[in-house]
Student: 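Below are the structure tokens for one structure; questions will follow.
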Amino acid sequence: MIVNHDIFNSFWKGKNMPSENTASPSSFIHGIIEEDLKNSKNNGKVNTRFPPEPNGYLHIGHAKSICLNFGTALKYNGICNLRLDDTNPSKEEIEYVDSIKTDVKWLGFDWDNREYYASDYFEQLYGYAVELIKKGGAYVCDLNAEEIKEYRGKLTEAGKDSIYRNRSAQENLDLFQRMRAGEFPDGSRTLRAKIDMNSPNIHMRDPVIYRILRATHHRTGDKWCIYPMYDFAHCISDAIEGITHSICTLEFEIHRPLYDWILDHISVPCHPQQIEFARLNLSYTVMSKRKLLQLVQEQLVSGWDDPRMPTMAGMRRRGYTPEAIRNFCETIGVTKYNSLTDMALLEHCVRDDLNKKAPRVLGVLRPLKVVIDNYPENQTDQLDAVNNPEDLSAGTRKIPFSKIIYIEQDDFKENPPKDYFRLAPGKEVRFRYAYLATCTGVVKDPASGQIIEIHCNYDPATRGGNTPDGRKVKGTIHWVSAKHAVDAEIRLYGRLLTVADVSAEEGDFKSFLNPNSLEVLKNCKLERSLADAKSGSLFQFERQGYFCCDPDSKPEKPVFNRIVPLKDSWAKTEKGRKK
RNA sequence: UACCCCGUGGUGUAAUGGUAGCACAAGUGCCUUUGGCGCACUUAGUCAAGGUUCGAAUCCUUGCGGGGUAGCCA
């Protein structure tokens, strides 16, 4: 696993703080908050938290939650804590903790010194469990896992009481203490909340709140052999931290009565309000940690930071910017409707951001050799090129032109279709920033018939690409001088999956993996300046797309990732024509 | 067929009882030394039926459709 912190530390530091605007998604949640504010609830405070479990890498769905939680706190002058929800040591690792912190910072949010861990509350949580037992709200149950399942009943039928349900508080206290002391084997007993085995809500049928589990915790080591369950730990952690609005995803909606029940039955300092919203689903990808982990473990991708992954690490390596992701999160909104967001919207946000800030360069992905017959053998022109037409303060640079150049294979057609205004026999095009030239001949490989070389004559009067006589030339194509070019590897990424909505398909999601999601071009020709591009730096290769210098890049062999192609209305009409 | 939640153009959302709007996508045209960007325009929507109301996407009822929930996971 490669974690290149330099990618963003060098490039983005100080440039990626969210503005008031992008950090302010408006939604039904803010409606609730503003109502609370109006009623002076919580003394006018708005405190949130982002509470990931450190059992995997953060993905774009988490970004939505991060923007919501941190953005809400920012909007209402509150605070947002980072809390690692680490109550299940069997799945959690320090590597994940580190990556989570890295990703939240990279996205542009700051938890100051409020880096909290549910595990920091284990002692307090234990105390609250004791209080609950004393109040008759919890009991130690000796049923095993299968028995508990059986006693729980079904969705459509009530459960039945455990035979251990009516133990005395004294006995429960003694047993719970001995559970902690390690007197009983894993799985032999649990602490359960004493609620209602007939509840239509299965989560209220005496849920387990503590289990015996001998696993080394990444922070508390072997100090504990009992661990609190989510439902017990989360609401109390919220209360301990003074959270006012505990925002989570829809699948916890049915847990809310339990969240409230626990807080109502112990003496916590406050009672946060749980509010649920719909998690993000993105077309042509998967968003579950389990599936992403599978892709990594089965080496179907190169790692958590494979640029095809919807993880923050993957998107970072791909070249997506924090600003683009934040803007995306604002654009998609927050509701309770289970939706499927079009990947095209994310790509739009990426292009929109990159268009403003990415310097333009010339690079040829699939080179075709062009000889300018009437250009002097050993001459080199240094031509002025605009770095960014969207930002003239980015200035200009010099690019060298000479007798032999490379153009894109797509930019020449021996038998051009109608409306094709690139290079073709007898046709004139503009080499961007350089000269107008007319195609005079084609050289083919006698054996295969493949076009291997084009011949042109240029018009010396058109230096810089201008036409003193005012003639209009519609086609402008990019090029790179052969003798000045730097050879590079370019990785083109496609969609991870072949179907937009894999949840609607039957069978294993892996059978819908796009076999062509990665195409590596090893013979690309780029303008010289790209030889010393820094890892993580972003460019627009004119007429091609946006590209990001990969950590694998070396001065002698630069490597670039295509972040997203430019929109291509010609490809669209061509495709339409073929139909 | 238990309980809970959700249904607004193709997609994502706004309208909090008072003109159904925005963005993406799709399409057309203009502009253009990036077939990019930008600009203008077009297509297209309140799940259904009743009810309340001067007036309903919004409130009520029923139906239909979608999602969630039966870990000692979170």
Side-chain angles (χ1 to χ4, degrees), chain A residues 26-28 31 51-53 55 85-88 90-92 118 141 143-145 148-149 152-159 186-192 199-205 207-213 226-227 229-231 233-234 248-257 276 278 283 289 331-349 351-352 355-356 360 362 385-386 389-390 419-422 430-434 436 462 464-467 473-478 500 503 540-545 565-574:
Chain A
S26 186
S27 67
F28 77 97
E53 181 188 13
N55 68 342
D85 209 353
D86 55 350
T87 57
N88 182 1
S90 63
K91 285 176 152 186
E92 297 152 5
C141 182
L143 258 26
N144 65 31
I148 286 184
K149 184 180 162 79
R152 185 156 37 223
K154 298 264 172 59
L155 289 175
T156 51
E157 43 185 79
D186 285 12
S188 60
R189 290 182 219 256
T190 57
L191 183 69
R192 296 226 258 163
S199 173
N201 182 344
I202 283 188
H203 294 275
M204 298 298 272
R205 320 237 264 228
V208 171
I209 55 178
Y210 265 90
R211 76 281 216 184
I212 304 171
L213 176 63
I226 57 170
Y227 291 94
M229 299 289 291
Y230 165 86
D231 286 304
H234 202 93
C248 62
T249 43
L250 243 29
E251 68 270 25
F252 293 105
E253 199 161 34
I254 200 158
H255 294 239
R256 195 189 332 134
E276 311 84 15
S283 62
K289 276 189 192 169
T331 305
I332 56 177
V334 176
T335 68
K336 301 186 76 158
Y337 178 68
N338 281 302
S339 59
L340 178 66
T341 297
D342 193 342
M343 182 67 92
L345 183 57
L346 212 207
E347 291 176 344
H348 162 77
C349 292
R351 285 194 192 96
D352 190 49
N355 178 47
K356 287 174 278 186
R360 271 57 169 174
L362 301 185
V386 174
E390 304 292 317
D419 302 330
Y420 184 83
F421 42 84
R422 279 113 97 149
R430 173 185 294 108
F431 294 128
R432 172 137 244 226
Y433 300 125
L436 269 56
T462 57
N466 302 303
T467 51
V473 174
K474 230 176 173 188
T476 299
I477 64 177
H478 60 280
S503 74
Q540 184 197 95
F541 290 7
E542 291 205 35
R543 301 209 307 132
Q544 289 289 350
L566 249 29
K567 284 209 254 177
D568 187 349
S569 57
W570 168 246
K572 236 182 249 177
T573 57
E574 214 187 11

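We name chains A, B, ... by the order of the sequence lines, and we start the count at 1 in each one.
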Student: What is the glycosidic conformation of B:rG10: syn, defined as within 90° of 0, or anti?
Tutor: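 Anti, angle beyond 90° from zero.
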Student: How does protein contact run along nucleotides 66-72 of chain B, one letter per nucleotide 5' to 3', with B for base contact, S for sugar-phosphate only, - for none, heavy atoms under 4.0 Å?
Tutor: -SBBBSB
Student: Categorize A:E347 for me: base, sugar-phosphate, or nothing, with a 4.0 angstrom heavy-atom threshold over every strand shown.
Tutor: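 Contact class for A:E347: none.
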Student: A:I332 CD1 to B:rC22 C1': how many Å, rounded?
Tutor: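 Roughly 16 Å, once rounded to whole Å.
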Student: Thinking salt bridges, do A:R256 and A:E276 make one under a 4.0 Å N-O criterion?
Tutor: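 Salt bridge present between A:R256 and A:E276.
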Student: Please pick, from B:rC37, B:rU13, B:rU34, the nucleotide with the shortest atom-to-atom distance to any side-chain atom of A:T335.
Tutor: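 Closest nucleotide to the A:T335 side chain: B:rU13.
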Student: With a non-hydrogen cut-off below 4.0 angstrom, is A:D419 in contact with a base, only sugar-phosphate, or nothing?
Tutor: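 Contact class for A:D419: base.
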Student: For A:R256 and B:rC6, give me the distance from atom CZ to atom C1', rounded to whole Å.
Tutor: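 Result: 13 Å.
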Student: Could you walk me through whether A:T331 and A:H348 pass side chain to side chain contact (heavy atoms under 4.5 Å, CB included), step by step?
Tutor: CA-CA 11 Å; A:T331 305; A:H348 162 77; over 6 Å; no
Student: Separation of A:F28 atom CZ from B:rA14 atom P, in whole Å?
Tutor: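 Roughly 9 Å, once rounded to whole Å.
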Student: Over all strands shown, is A:T87 touching base, sugar-phosphate only, or nothing at heavy-atom distances under 4.0 angstrom?
Tutor: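 Sugar-phosphate only.
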Student: A:H255 vs A:H203 aromatic rings, parallel, tilted or perpendicular, using cut-offs 30° and 60°?
Tutor: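 A:H255 and A:H203: tilted rings.
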Student: Is the shortest side-chain N/O distance from A:T476 to OP1 or OP2 of B:rG35 below 4.0 Å?
Tutor: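 Checking B:rG35 against A:T476, no side-chain N or O comes under 4.0 Å of OP1 or OP2.
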Student: Closer to the 5' end of RNA chain B via nearest nucleotide, is it A:R430 or A:G31?
Tutor: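 Result of the comparison: A:G31.
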Student: Distance check needed: B:rC37 C1' versus A:L566 CG, whole Å only.
Tutor: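 These atoms are roughly 9 Å apart.
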Student: With distance as the sole criterion, do the side chain of A:E390 and the base of B:rG36 form a donor-acceptor contact below 3.5 Å?
Tutor: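 Counting by modelled atom types and ignoring angles, a donor-acceptor contact under 3.5 Å is found here.
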Student: When the C1' atoms of B:rG66 and B:rA26 are considered, how many whole Å apart are they?
Tutor: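 Rounded to whole Å, the distance is 26 Å.
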Student: Can we say A:K289 and A:E53 salt-bridge, meaning some charged N sits less than 4.0 Å from an Asp/Glu carboxylate O?
Tutor: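 Result for this pair is no, no salt bridge flagged.
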Student: Are A:Y230 and B:rA74 stacked, counting the six-membered base ring, centres under 5.5 Å, planes under 30°?
Tutor: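 So A:Y230 does not count as stacking on the base.
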Student: To the nearest angstrom, how far is A:H348 atom NE2 from B:rA26 atom C1'?
Tutor: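 Computing the A:H348:NE2 to B:rA26:C1' distance gives 15 Å.
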Student: Quote, to the nearest angstrom, the C1' distance that separates B:rG7 from B:rU58.
Tutor: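 Going atom to atom, C1' in each nucleotide, I get 13 Å.
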Student: At less than 3.5 Å, do the side-chain atoms of A:R422 and the base atoms of B:rG35 form a donor-acceptor pair?
Tutor: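 Checked by distance alone, the answer is yes.
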Student: Find the distance A:K567:NZ to B:rG27:P and express it as a whole number of Å.
Tutor: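 Going from NZ in A:K567 over to P in B:rG27 covers 10 Å.
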Student: Counting the atoms with a prime plus P, OP1 and OP2 as sugar-phosphate, which does A:F541 contact under 4.0 Å by heavy atoms, base, sugar-phosphate, or nothing?
Tutor: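 The answer is nothing, as A:F541 stays clear of every strand by at least 4.0 Å.
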Student: Which sits closer to the 5' end of RNA chain B, A:K336 or A:S569, going by the nucleotide each is nearest to?
Tutor: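 On the 5' side of the pair lies A:K336.
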Student: What's the CD-P distance between A:E542 and B:rG36, to the nearest Å?
Tutor: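 After rounding, the reported distance stands at 13 Å.
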Student: Check the phosphate of B:rU13 against A:S339, side-chain N and O only, distance under 4.0 Å to OP1 or OP2. Yes or no?
Tutor: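 Yes, within the criterion.
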Student: Under 3.5 Å, is there any donor-acceptor pair linking the side chain of A:Q544 to the base of B:rU34?
Tutor: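 No such pair is found, so the answer is no.
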Student: Taking any heavy-atom pair under 4.0 Å as a contact, classify A:P257: base, sugar-phosphate, or nothing.
Tutor: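 The residue A:P257 makes no contact with any strand.
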Student: Output the rounded distance in Å from CG (A:L340) to P (B:rU13).
Tutor: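 From A:L340 CG to B:rU13 P: 10 Å.
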Student: B:rA15 and B:rG55: how far apart are their C1' atoms, nearest whole angstrom?
Tutor: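 That atom pair is separated by 16 Å.
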Student: Side-chain N or O of A:R543 less than 4.0 angstrom from OP1 or OP2 on B:rG35?
Tutor: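 Checking B:rG35 against A:R543, a side-chain N or O does come within under 4.0 Å of OP1 or OP2.
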